[in-house]
Number of protein chains: 2
Amino acid sequence: MLLNSQLVNDHITFETAAQHAFMQVPIVLPNQNAGEVRQMMAGRQYEIASHVVVCGEKGLFLGVIRIEDLFAAQCETLMGEIMDRKAPVVAPGVDQEVAAWKAVQSKESALSVVDQNGLFVGIIPPHRLLAVLLAEHEEDLSRLGGFTRSTEEARSTSEEPVQRRFQHRVPWLLVGLGGALLAADFVGWFEVQLQQNVMLAFFIPSIVYLADAVGTQTETVVVRGLSVGVEMKRMVMRELLAGLAIGLALAAVAGPLVWWRWGIPSIALCVGLSVFAACSTATLAAMMLPCLLNTLSLDPAFGSGPLATVVQDLLSILSYFCIATALLR
Amino acid sequence: MLLNSQLVNDHITFETAAQHAFMQVPIVLPNQNAGEVRQMMAGRQYEIASHVVVCGEKGLFLGVIRIEDLFAAQCETLMGEIMDRKAPVVAPGVDQEVAAWKAVQSKESALSVVDQNGLFVGIIPPHRLLAVLLAEHEEDLSRLGGFTRSTEEARSTSEEPVQRRFQHRVPWLLVGLGGALLAADFVGWFEVQLQQNVMLAFFIPSIVYLADAVGTQTETVVVRGLSVGVEMKRMVMRELLAGLAIGLALAAVAGPLVWWRWGIPSIALCVGLSVFAACSTATLAAMMLPCLLNTLSLDPAFGSGPLATVVQDLLSILSYFCIATALLR
């Protein structure tokens, strides 16, 4: 367990802002003027020169100047006058996608990394931010699709050979298959009810489908939210209320439709209640699973895609048959 | 129809590389030297100065120089010597995400837009590329989740109020509900078979689940592939073969398991064949639907998420009961 959490921490550390920061950037004092700085930069080799960093004594970060503004400035203009004091900064330990997202939000293409003492650490250049966003995008999609592969190049996913497609996808599907056969067992528990009322079987696909569809929506929101650093507790209540509202709406449509089409009020009531139950439990499962795995120091990614879907299916089938048993005795 | 396709075209035009290009950038001749260029740039206002564009006569694009390389160069170094002739370029009409992806591939943070005559049009700066990647990411996730909302900000999806969550999600779910009730009708056609052999109902969730899970994987690959400009025909064969292989593998596991657990060879055979059929048809449906909609000048996005899933469900249920009817007479 210790080893596991160690591994997770190493992984997270590797993907923080500090790992992406470049140190060889032009650093100037606030009382230097533009002519001086342009002169100083000529002939020097920087890793990043699209931004000039203004630092006070002992490397205290003060602000950033875009290279465009440095060129536009009059020779005698002081750096302290034109620097952007509100340029976006991140702490060294911030997750890479949160950092990239922050840059986009502030319409900036580079981010300064500043430590807790206000000292300048480095700049994350635009091409790193781009690579991070693309990699995280792939990771999010892999989670939702249930691939056993996280950060990889975009095009490769759509173009990789058949054998690798197979290897990346089958593991989670086998887990799902195990769950699906468990679902068969669950339905088997209600064999008597099914024999008495074979019409109950008609609505199994609807219940499973709706639990899947609603659950996938919540997974999408949670996977995305966790990626960009939204705290779970900020999502839970709203998402849950949305799930309940969606469940109510779909139940209100499904119930009357079933009554009209199949003409049996008790079945219609049973389907309506089960649709509501399926939507609510699917939302709950889609949110709780990533949290639970996170608490156990396991990758919350396993809480979306095929695993979450099968849990949602099992819960919704159980609730459907329990409701049916109660209503149709 | 004309109006529709007009709308689609306008939409696409708005999201091309040319729309993101900035024109006010430093443009130099190949025989100017670094000292001269640095002198020339001082005091000028550029929209983008992280790259210098080298053009020949009449605006013919020759190459790009990173600002870092301009600073590092000796005064007398000619622009033609240090320019990158292989800097990534895109045509004005290229889709924005394809352009962004090209920049990341070439580890560049800005892209030159060059028209078919080789004339320089503008530069897409890093912050635009970042915004594009984030927006397209949101769009991809919305497609898979079945939200009626495309390009919007990341954080907002996870933090938007309950009422808007509801509005964005219910429309596709209602379409899905319609399909789900159609599925109930389909199952109803086989009422007699179900009455004779109620065990058939046990495996409905498994079939629906597997069709969903396999279909979602293909959708993920297709949505992603189309976004970054992979041609459909390059994906079809591999994806289809992968779908068949996955179907075979899961059938080979499911069949014996069902035999062992429920002890009826004919049911086991029926489930095995249906698992294979469900995986294959789900892969096919997940690929064909976006193509079909594309051909009809409709947004291929509608071909993923809830709509694709419900089509996959209907096909897999039909095939399951047809196989059952044939095997268990």
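Residue numbering restarts at 1 for every chain, and letters A, B, ... go by the order of the sequence lines.
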For residues [X] and [Y], determine if any side-chain heavy atom of one lies less than 4.5 Å from a side-chain heavy atom of the other.
X: A:V221; Y: B:R169; answer: yes
X: B:V253; Y: A:L177; answer: yes
X: A:P205; Y: B:I317; answer: yes
X: A:L173; Y: B:L250; answer: yes

At a 4.5 Å cut-off on heavy atoms, which part of [X] comes close to chain B: side chain, backbone, both, or neither?
X: A:R261; value: side chain
X: A:L314; value: neither
X: A:Q195; value: both
X: A:A73; value: backbone

Heavy-atom pairs under 4.5 Å with chain B, option from [options] with the top count:
options: A:L200, A:L181, A:V275, A:L70; answer: A:L181
options: A:A34, A:A242, A:G188, A:C279; answer: A:G188
options: A:A42, A:A183, A:S50, A:A213; answer: A:A42

Inter-residue atom distance [X].[atom1] - [Y].[atom2], 0.5 Å rounding:
X: B:F202; Y: A:I204; atom1: CZ; atom2: CD1; answer: 9.5 Å
X: A:H127; Y: B:L129; atom1: NE2; atom2: CG; answer: 13.0 Å
X: A:I246; Y: B:L174; atom1: CD1; atom2: CG; answer: 10.0 Å
X: A:D212; Y: B:D212; atom1: CG; atom2: CG; answer: 4.5 Å

At a heavy-atom separation under 4.5 Å, does [X] approach chain A through its side chain, its backbone, both, or neither?
X: B:V310; value: both
X: B:V214; value: both
X: B:I48; value: both

Where [X] and [Y] come nearest, the two heavy atoms and their spacing:
X: A:A201; Y: B:L194; value: CB-CD1, 3.9 Å
X: A:A180; Y: B:S206; value: O-OG, 2.9 Å
X: A:Y209; Y: B:G176; value: OH-CA, 3.2 Å

- Main-chain N/O of A:A49 paired with B:E68 side-chain donor or acceptor, under 3.5 Å: yes

- Message: Tell me whether B:Q45 contacts the main-chain N or O of A:A72 through its side chain, where contact means a donor paired with an acceptor under 3.5 Å.
- Response: no

- Geometric class of the B:F71/A:Y46 ring pair [parallel <30°, tilted 30-60°, perpendicular >60°]: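 Perpendicular: the ring planes of A:Y46 and B:F71 meet at over 60°.
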
- Message: Shorter than 4.5 Å, heavy atoms on both sides: which option in B:E47, B:M237, B:M199, B:Q74 has the most such pairs with chain A?
- Response: B:E47

